[in-house]
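To keep things clear, I will list the structure first and then write my remarks on it.
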Number of protein chains: 2
Amino acid sequence: MLDKQEKIFKALSDKNRIRIVKMLQKKSLCVCEIKDVLKLATSTVSKHLSILREAGLIVDWKDGKWINYKINPAPDSLVANALLYTQLQIEDDETIKNDRKLINCVDRNILCCN
Amino acid sequence: MLDKQEKIFKALSDKNRIRIVKMLQKKSLCVCEIKDVLKLATSTVSKHLSILREAGLIVDWKDGKWINYKINPAPDSLVANALLYTQLQIEDDETIKNDRKLINCVDRNILCCN
DNA sequence: TTGTCATTTCGTTAAATATAGAAATGATAT
DNA sequence: ATATCATTTCTATATTTAACGAAATGACAA
């Protein structure tokens, strides 16, 4: 239980991962859309997503060519409260607000050309 | 703001530091008392405490020979909510419960002999 | 003022982490 | 079947982190 709590905090202890969670709390996204906002290599974004997934914060599902990520819709209580905390905090942070503007403009059909 | 949130999560992303916060949420303690519970070197405990202090989660004050640590009594909203979250979670974890038993038995006058 | 003692800071080491690029995967579309 | 393409896994590297012991600090007591 302590281990699980540590894992949750560790997952959220990186600026880019906080940004990802705050984005997903507004909208489901695929890897290349997140990559476009964070300006990181695809493999790095994928790694961040796997850390968030392993902590139980997010889930993914296939949709044609793409793998979408969203906030875990059925979290246990530890995760649920961590997500609630994250959702309520830093809502008016400039980076977060800008990220949220960007995700409304991204088009995966244009972005995703490896 | 995002940086501050990251710092708070980083501070809480270590098992020993979570244990420290959960202990301090029951009782103010000095370094050697925490050291006795965690079974770490004094310098290591001191370092953990400084990370928690820098994140705004705890404060310290002098009391004769000792330096006491306690939960920040006047936290800003980010920290206050993080502390509330931490206070409510893993209350029935075995390690946490055992730590709390131990802090009621420690006697700094016996423990602290470098 | 000198010694004692709790704590912090410093220096070092080992382990963990963030990052990127290249190769592997796996599903879709032609 | 084969090519395409988003994503993951692998490999490598640079940075950060946790840990310890030794030395420095700073306050209290003798």
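Here is the naming used below: chain letters follow the sequence lines, and residue numbers restart at 1 for every chain.
Side chain of A:Lys62, nearest nucleotide from C:dA20, D:dT7, C:dA27: C:dA27. Set against C:dT7, D:dT8, C:dA20, the side chain of A:Thr42 has D:dT8 as its closest nucleotide. For A:Tyr69, whose side chain is taken as the heavy atoms from C-beta onward, the closest listed nucleotide among D:dG21, C:dT7, D:dT8 is D:dT8. Relative to the side chain of B:Cys30, the nucleotides D:dC20, D:dT7, C:dT7 differ in distance, and C:dT7 lies closest.
No donor-acceptor distance shorter than 3.5 angstrom exists from the side chain of B:Ser46 to the backbone of B:Thr42, with no hydrogens or angles considered. Checking side-chain atoms of B:Arg53 against main-chain N and O of B:Val59 turns up no donor-acceptor pair under 3.5 Å.
The stretch residues 51-60 of chain B does not touch DNA chain C, since none of its heavy atoms comes less than 4.0 Å from the strand. Looking at residues 8-21 of chain B, you'll see B:Lys10, B:Asp14, B:Asn16, B:Arg17 sit with a heavy atom under 4.0 Å from some atom of DNA chain D.
The distance between atom NZ of A:Lys65 and atom P of D:dA3, rounded to the nearest whole Å, is 17 Å. When rounded to the nearest whole Å, the span between CG of A:Leu38 and P of C:dA20 equals 10 Å. As rounded to whole Å, 11 Å separates atom P of D:dT16 from atom CD of B:Glu6. Put simply, CH2 on B:Trp61 is 12 Å from P on C:dT7, counting in whole angstrom units. The distance between atom CG of B:Leu40 and atom P of C:dT7, rounded to the nearest whole Å, is 15 Å. Taking atom CG of residue A:Leu49 and atom P of nucleotide D:dT7, one finds them 10 Å apart after rounding to whole Å. In this structure, A:Ile67 atom CD1 and C:dT28 atom P are separated by 11 Å, rounded to whole Å. B:Lys35 places its NZ atom 11 Å from the C1' atom of D:dC20, with the value rounded to the nearest Å.
Taking both residues in full, the closest heavy atoms of B:Lys62 and B:Lys65 are given as NZ-O, 4.3 Å, listed atom of the first, atom of the second, then distance. Looking at every heavy atom in both residues, A:Val79 comes nearest to A:Ala55 through CG2-O, 3.5 Å.
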* Asked: After noting the C-alpha distance and the side-chain angles of A:Val45 and A:Asn16, does the key distance pass the side-chain contact (heavy atoms from CB on, under 4.5 Å) rule?
  -> CA-CA 9 Å; A:Val45 173; A:Asn16 289 318; over 6 Å; no
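Looking only at side-chain heavy atoms (C-beta outward), B:Lys70 and B:Leu24 stay at 4.5 Å or farther from each other. The shortest distance between side-chain heavy atoms of B:Leu29 and B:Trp66 does not fall below 4.5 Å.
Note on B:Lys47: nothing from the nucleic acid sits closer than 4.0 angstrom, heavy atoms only.
Test B:Lys22, B:Gln25, B:Lys97 against B:Glu91 for side-chain hydrogen bond (donor to acceptor under 3.5 Å, both in side chains) and you get one pass: B:Lys22.
The shortest distance between the side-chain N/O atoms of A:Thr44 and the OP1/OP2 oxygens of C:dT19 is not below 4.0 Å.
Donor-acceptor pairing under 3.5 Å is recorded for the side chains of B:Arg108 and B:Asn68.
Nearest-nucleotide positions on DNA chain C for A:His48 and B:Val31 put B:Val31 closer to the 5' end.
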Report, one line per pair, each donor and acceptor closer than 3.5 Å where one atom sits in a side chain of residues 1-8 of chain A; sequence neighbours left out.
from, atom 1, to, atom 2, distance (Å)
A:Asp3, OD1, B:Lys15, NZ, 2.7
A:Lys4, NZ, A:Asp76, OD2, 3.4
A:Gln5, OE1, B:Tyr85, OH, 3.2
A:Gln5, NE2, B:Tyr85, OH, 3.1
A:Glu6, OE2, B:Lys15, N, 2.9

